[in-house]
**Q** 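Dropping a structure here in structure tokens format, bear with me for questions.
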Amino acid sequence: MTELDFIAALRALATQPAARGLADDAAVLEFGTETLILTKDMMVEGVHWLPQQSLADVAWKLVAVNLSDLAAKGAAPVGVLVSHMLGDADERFVAGLREVLETYATPLLGGDTVRADGRRVWGCTAIGRAKHTPVPDRRSARAGDAIFVTGTLGQAMLGMADRGSGSADDLAYRRPRPLLAEGRALAPHVGAMMDISDGLLLDSWRMAKASDVGFDLDRAAIPV
């Protein structure tokens, strides 16, 4: 099965409204008077990070990409659960984890550890609290909407060739910064909103497909 085939098969199981048809950045769960946002991402050695990178940076990125999904829903972090595959330089992973959790005032709530052979794999589940309802949904884009992005695109790609320099591009690749404040500020005003860490074109296609609309992007207007 391709990844798309596998996700399509899972949609038959994810029938609860909180799952949003597996077509959004996160699950949105009504819980008493609160609306909780739940998301999970994984990272694989050699796929999402290079083997020579510091595990402190890996830990930072693992948490940051999950917090970015919370930002896309206008949520504030409640905490994270981290799954760690034991191996070399575990102390560097802990150091990076401490840095990112302190930077974004996010508690570590639990997780799991495992030891195995082969490529190392990590997982993180982030839990957030919605700061605005209804929670923005990537399925809610409508004909006539304008399309906006936050920040300048492409820095992380440039940073891959500039690793370790401490430049803005290097930091964008090694230590991305989730736009939590921006997400909370935008949530009351947008129709649809999502994280675009997989790239503008791919994620525009995902939002357009989820919303059953077409997007018309002006190449000259994209801040690259």
**Q** Got Phe215 and Trp205 here, is their nearest side-chain heavy-atom distance under 4.5 Å?
**A** no
**Q** For the residue pair Pro178 and Ala64, what are the closest heavy atoms and their distance?
**A**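 Looks like CB-O, 3.7 Å.
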**Q** Let me know which of Arg129, His132, Glu30 forms a side-chain hydrogen bond (donor to acceptor under 3.5 Å, both in side chains) with Thr35.
**A** Glu30
**Q** Is the closest side-chain donor-acceptor distance between Glu99 and Tyr104 under 3.5 Å?
**A**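 Glu99 vs Tyr104: no donor-acceptor pair found between side chains.
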**Q** With a 4.5 Å heavy-atom cut-off, do His48 and Trp122 have their side chains touching?
**A**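 Sidechains of Trp122 and His48: no contact.
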**Q** Would you tell me whether Asp170 and Ser167 have side-chain atoms, one donor and one acceptor, within less than 3.5 Å of each other?
**A**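 Distance-only check fails for Asp170 and Ser167.
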**Q** Check whether any side-chain heavy atom of Leu62 sits under 4.5 Å from a side-chain heavy atom of Phe93, and report yes or no.
**A**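 Yes; the side chains approach each other to less than 4.5 Å.
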**Q** Within the structure provided, determine whether Val82 and Thr125 are in side-chain contact (heavy-atom separation under 4.5 Å).
**A**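 Result no, sub-4.5 Å side-chain heavy-atom pair not found.
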**Q** Taking it one step at a time, do Ser54 and Asp57 satisfy side-chain hydrogen bond (donor to acceptor under 3.5 Å, both in side chains)?
**A** CA-CA 5 Å; Ser54 167; Asp57 293 338; 4.8 Å; no
**Q** Are any of the side-chain nitrogens in Arg120 or Asp90 under 4.0 Å away from the carboxylate oxygens of its partner?
**A** yes
**Q** For the residue pair Asp112 and Ser83, confirm or rule out a side-chain donor-acceptor distance under 3.5 Å.
**A** no
**Q** Assess whether atom CD of Glu3 is packed by more than 12 heavy atoms of other residues, nucleotides or ligands within 6.0 Å.
**A**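 No.
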**Q** Of all the heavy-atom pairs spanning Pro223 and Val149, show the shortest one and how long it is.
**A** CG-CG2, 3.6 Å
